[in-house]
Structure formats: C-alpha cells, structure tokens
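To keep things clear, I will list the structure first and then write my remarks on it.
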Protein chains: 2
Amino acid sequence: MEPAGATGQDGAGRLTRQTVLAAALELVDEHGLEALSMRRLGQVLGRDPMSIYRYAANRNELLAGVAELMLDELEVFPDDTNWQEQLRRIAHELRRVCLRHPNAVPLLVTGPLSTPLGLRPAGTLRPLEQILGILIGAGFAPADALHIYRAFYGFLYGHVLNELQELIADPEENEALLRLGLQRLPLRDFPHLRRLAPELLDYDGEQELDEGITILLAGLGEQLNAGRSS
Amino acid sequence: MEPAGATGQDGAGRLTRQTVLAAALELVDEHGLEALSMRRLGQVLGRDPMSIYRYAANRNELLAGVAELMLDELEVFPDDTNWQEQLRRIAHELRRVCLRHPNAVPLLVTGPLSTPLGLRPAGTLRPLEQILGILIGAGFAPADALHIYRAFYGFLYGHVLNELQELIADPEENEALLRLGLQRLPLRDFPHLRRLAPELLDYDGEQELDEGITILLAGLGEQLNAGRSS
DNA sequence: ACCTGAACACCGTTCAAGT
DNA sequence: ACCTGAACACCGTTCAAGT
C-alpha cells in the first residue's frame with residue numbers, strides 16, 4: 001500500500017530525473033512557485049534534500065527542468081495540412097499546456113532570459129526546431145522561417161500572459177471579486193476601465209487567440225509575398 | 001556633500017517610497033532580481049531592513065512597486081495623430097523601458113499573475129486606461145477597444161520577451177558565445193537551428209517589433225470593418 | 001506612537017564525516 | 001565511490017523591548 005497520493009514517494013525505489021521533475025511540477029501546480037524548495041521537494045519525495053543534487057545541479061537547473069517537462073506535454077503533429085493550420089494547432093496546444101500549469105508559466109516565459117540559446121535544455125529548443133522545420137518544409141527560406149517563428153511565438157507567449165492575468169482562481173466568485181476590484185479604482189482616473197467591467201468578465205481566451213493567429217498569419221503571408229526586394 | 005554614488009544613502013534624511021523603490025530598481029538593474037532582498041536593500045539605504053516595511057507591506061508589494069516605478073518611465077503622448085501611430089509609439093516606448101531594465105521585466109510580465117485587475121497598483125493600470133482612451137477617442141466601441149488592446153499588448157509583451165531571450169549580456173563575445181552554444185547542439189536533432197546561427201546573430205528587435213505592429217494593426221482594422229454582424 | 005533589533009522558521013549549498 | 005547530514009551564510013517576517 002502506497003503512503004501518499006499522486007507522485008507521493010517514500011524511501012523505497014530508485015529516483016529518476018523524471019520522477020524528481022514530475023514531483024517538482026506537481027508541487028508548483030499545487031502550492032505555487034515559491035513552494036518549490038529543495039528541502040520541501042526532498043520531503044515530498046521522502047528523501048534527504050541533498051539527494052536531489054544528483055538529478056539537478058542546483059535550484060535553477062531544477063526550475064529549467066520543470067519548464068522542460070512542461071514542454072514535453074506539447075505534441076507537435078507533422079501533418080500534411082498546410083503550415084498555417086499546424087501553427088494554429090500548436091498555438092492552441094501550448095495555450096492548453098499553460099492553462100494546465102499556470103503557476104509554472106513564469107518558468108517557461110522568463111526562465112531562460114539571457115541564457116544563450118545553445119545552453120538551454122534541449123526540450124526547450126525542440127518546439128523552435130520543429131516549427132522551423134514546418135516552415136522550411138512549406139517552402140520558406142530559413143531566414144523567413146525564423147521571422148515567422150518569432151512573430152508567432154511572441155504573439156503566443158503574449159497572449160498566454162494576457163489570458164493568465166485575467167484569469168482568477170475561484171470561478172464562482174469571479175464576478176464579485178472582479179467587480180469589487182474595479183470598484184476600488186477611482187472613477188475619475190479609470191473611467192474606461194470601470195465601464196468595461198462586464199466585457200472583462202466574459203473573456204474567451206481561445207477565440208481571442210485564434211483570431212490573433214489568423215490576423216498574424218495573414219499579415220505575415222502578405223508581407224513575405226510583397227517584399228521580395230528587401 | 002553626498003556620501004555615495006547614484007541612489008546611495010546613509011542614515012541621514014527621511015526616506016520616501018520613491019527613494020526606496022528607486023534604490024530597489026537600481027539593485028535589480030545591477031545585480032539581478034534575486035539580489036533584491038529586504039536586508040540588502042536596507043544595507044544599500046543605510047537603514048535597518050525593518051524600516052522598509054514602512055514603505056511596502058512586504059516583499060511582494062515591494063516588487064509590485066518596482067514594476068510600477070518602471071512603468072512610470074513610459075510616457076504616453078495624447079497627440080492628435082491617428083490611433084495607430086500612437087499605439088506604435090507606445091510600443092517602441094515600452095520596448096525601450098524594458099531594454100533599460102531587463103532584469104526587472106519578469107516583474108512587469110509575470111508579477112501580477114492572477115492578481116485581480118482592481119487590486120493592482122494604479123501605475124500598472126494606467127497604460128491600459130490610456131490606451132482604452134486613445135481607442136475610444138478614435139471612435140471604437142469600448143468592447144472593440146478592449147479587443148484591440150489585448151491583441152496589441154499581448155504582442156508587445158511577447159515581442160519583448162522574445163527579444164530579451166536573444167539578448168546576451170556581453171556584446172563583444174556575442175558571436176563566439178552564441179556560436180559556441182549552438183555547436184553544443186546535436187546536429188542531428190537541430191539542423192535548422194544550427195543553420196540559422198548567422199541570422200540569429202543580427203536580430204533587429206526594433207524593426208521586428210515595428211513590422212509586427214504594422215501587421216497586427218492592419219489586420220485588426222480589417223477584422224473590425226468586416227465583422228459588423230457579430 | 002514610533003523605531004529597533006533579537007528571534008523564529010525557513011532557504012540553497014558546501015563539505016567533512018561516515019559507509 | 002557514494003550517501004548523509006551538520007554547518008554556513010543567507011532569507012522574510014513577527015513581535016517584544018526599548019524610546
């Protein structure tokens with residue numbers, strides 16, 4: 001009989017990097033980023049905290065590993081449909097992964113800041129490589145593929161951040177909470193914002209993302225067709 | 001004669017919230033986010049660390065204050081040029097603020113995650129209110145203004161994150177470092193990425209942002225003109 | 001009423017001591 | 001050679017003691 005729920009472990013059995021990272025992600029999901037400490041993770045795993053250093057060089061490397069694990073949930077389908085549909089699909093896929101692990105999104109988004117590309121964990125680079133592959137396979141010049149990737153991923157990350165900012169934990173109290181929040185704002189300084197309370201309440205992130213992607217892809221196509229000179 | 005450089009302080013003179021936040025931002029700029037501790041900030045200010053609690057309820061509130069201070073650097077010009085040019089200008093403005101304080105960008109971008117809108121510091125909400133004002137002033141229905149704001153700000157944040165990810169500290173060693181990084185990647189798994197090394201090196205963030213904004217604004221205009229039915 | 005700083009309950013990480 | 005855990009140098013925050 002196992003002692004605890006989910007990834008709960010006691011001293012028995014060998015740890016894996018996967019097990020450690022999975023437990024770390026679970027900790028973040030349930031108790032937030034700041035709950036992920038070496039000591040607490042050790043406790044969850046039923047091990048001496050120091051033993052974690054066998055699977056991650058230090059806390060930062062552990063955090064990077066959690067981000068990597070998250071991205072493993074992202075499946076890329078190399079279908080034969082056109083590239084635009086593939087990117088759209090990836091966008092929705094990544095959005096869902098982020099909504100599943102909102103507490104871990106900062107790791108994904110600001111974790112690798114100013115870490116040189118080549119030094120990042122392979123898992124983090126895989127989506128980039130795959131998208132480049134899709135675009136180059138669709139006939140784009142590599143430089144154009146990179147251009148499209150940047151616009152696409154930038155928009156995608158931005159959207160996810162936007163959506164998470166508007167998401168509030170308790171869906172029951174959403175309306176009350178948000179309203180309450182907005183009431184606090186001085187009407188004099190924030191007239192527009194206060195007036196938009198109802199619209200802020202029924203935000204459809206999936207649709208908003210989809211529309212944005214449509215606009216962006218259409219615009220990128222045009223831009224590339226037009227500017228053959230530069 | 002003042003004792004130390006920049007915001008340096010010793011025990012003399014009364015502190016202000018502004019002084020405290022400015023010192024905090026400077027600490028982050030120079031030594032990174034993790035260097036911003038109550039104790040170290042107290043030391044920089046030449047005061048007992050506990051005295052900071054007079055100006056910020058706790059560390060999180062301090063971090064939010066730093067983000068707010070950063071946004072104060074963003075000027076919005078209520079010109080009579082058209083709304084698209086105003087948004088474009090804001091975009092470039094925010095980009096520059098972020099490049100000036102790269103270490104503080106996570107505060108801006110993931111700081112207020114899941115804090116209800118109304119409970120955020122006023123400084124954080126001001127850009128939102130101003131942009132809504134610009135758009136509504138330009139004749140958009142409030143709901144459409146919100147729609148445009150979301151797409152615009154999402155793209156903007158995403159771009160800044162993208163750009164910061166590609167930015168490396170030491171501009172002298174950029175090429176060597178990046179190349180070195182990329183060499184580490186298995187050619188088998190990352191053929192496209194490795195091939196794009198030269199293109200990755202001369203990334204022009206300002207132009208990339210400008211093109212993206214153009215595409216987005218054009219697309220948003222079209223979408224709003226077309227879909228009068230929904 | 002305000003300010004100070006000792007004390008508490010945590011951290012990440014090093015490294016000597018055990019096996 | 002591997003694992004353990006004591007020890008070090010930090011944290012944020014509380015709260016009693018001073019003024």
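Below, chain A is the first sequence line, B the second, and so on; all start at residue 1. Just so you know, these numbers use all the heavy atoms, side chains as well, and skip hydrogens, waters and symmetry mates. Only a predicted model underlies this, so the values are computations on that prediction, with no experimental measurement involved.
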List the steps, then state whether side-chain contact (heavy atoms from CB on, under 4.5 Å) holds for B:Leu71 with B:Leu94. CA-CA 8 Å; B:Leu71 281 182; B:Leu94 184 62; 4.1 Å; yes
Would B:Glu61 and B:Arg17 count as a salt bridge (Lys or Arg N to Asp or Glu O under 4.0 Å) here? Give the steps. CA-CA 12 Å; B:Glu61 222 262 321; B:Arg17 180 158 216 261; 3.3 Å; yes
Check the pair B:Tyr53, B:Met38 against side-chain contact (heavy atoms from CB on, under 4.5 Å), reporting the backbone distance first and the verdict last. CA-CA 9 Å; B:Tyr53 285 86; B:Met38 303 304 257; 3.5 Å; yes
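Following rounding to the nearest Å, B:Leu63 (CG) and D:dG12 (P) show an atom-to-atom distance of 10 Å. Summarising the geometry, the separation between CG on B:Leu36 and C1' on D:dG12 is reported as 12 Å, rounded to the nearest angstrom. If you measure from atom CZ of B:Arg47 to atom P of C:dC3, you get 10 Å, rounded to the nearest angstrom. Per the geometry, CG belonging to A:Leu41 stands 17 Å off P belonging to C:dC10, to the nearest Å. In this structure, the CD atom of B:Gln43 is 13 Å from the C1' atom of D:dA9, given to the nearest Å. The separation between B:Met38 atom CE and C:dC10 atom C1' is 16 Å, rounded to whole Å. If you take CZ of B:Arg39 and P of C:dG5, they are 13 Å apart, rounded to a whole angstrom.
Contact check of residues 48-60 of chain A against DNA chain C (heavy atom, cut-off under 4.0 Å) returns A:Met50, A:Tyr53, A:Asn58, A:Arg59.
For DNA chain C, if you chain together Watson-Crick or G-U pairs that step i with j, i+1 with j-1 and so on, the runs of at least three with distances under 3.5 Å are C:4-8 with D:12-16, C:12-16 with D:4-8.
Between the side chains of A:Arg120 and B:Gln165, at least one donor-acceptor pair of N or O atoms lies under 3.5 Å.
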Solution key, residues 196-209 of chain A side-chain donor-acceptor pairs under 3.5 Å, sequence neighbours excluded:
unit_1: A:Asp204; atom_1: OD1; unit_2: A:Glu206; atom_2: N; d: 3.2
unit_1: A:Asp204; atom_1: OD1; unit_2: A:Gln207; atom_2: N; d: 3.2
unit_1: A:Gln207; atom_1: NE2; unit_2: A:Glu211; atom_2: OE2; d: 2.6
unit_1: A:Glu208; atom_1: OE2; unit_2: B:His147; atom_2: ND1; d: 3.0

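Side-chain atoms of A:Leu62 and A:Leu21, non-hydrogen and from C-beta on, do get closer than 4.5 Å to each other. In this structure, A:Pro106 and B:Leu113 have side chains that are in contact, with non-hydrogen atoms separated by less than 4.5 Å. Looking at A:Val160 and A:Leu99, their side chains never come closer than 4.5 Å, going by heavy atoms from C-beta outward.
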Do any N or O atoms of the protein come closer than 3.5 Å to N or O atoms of nucleotides 16-19 of chain C, and which pairs are they?
none

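Every residue was checked against the side-chain hydrogen bond (donor to acceptor under 3.5 Å, both in side chains) condition with A:Arg126, not counting sequence neighbours, and none meets it.
Residue pairs meeting the side chain to side chain donor-acceptor pair (under 3.5 Å) criterion with at least one member in residues 94-110 of chain A, sequence neighbours excluded, are A:Asp29-A:His101, A:Glu73-A:Arg100, A:Glu73-A:His101, A:Glu93-A:Arg96, A:Arg95-A:Glu163.
Residues A:Glu129 and B:Arg195 are not paired through a salt bridge, judged by the lack of any N-O separation under 4.0 Å between the basic side chain and the carboxylate.
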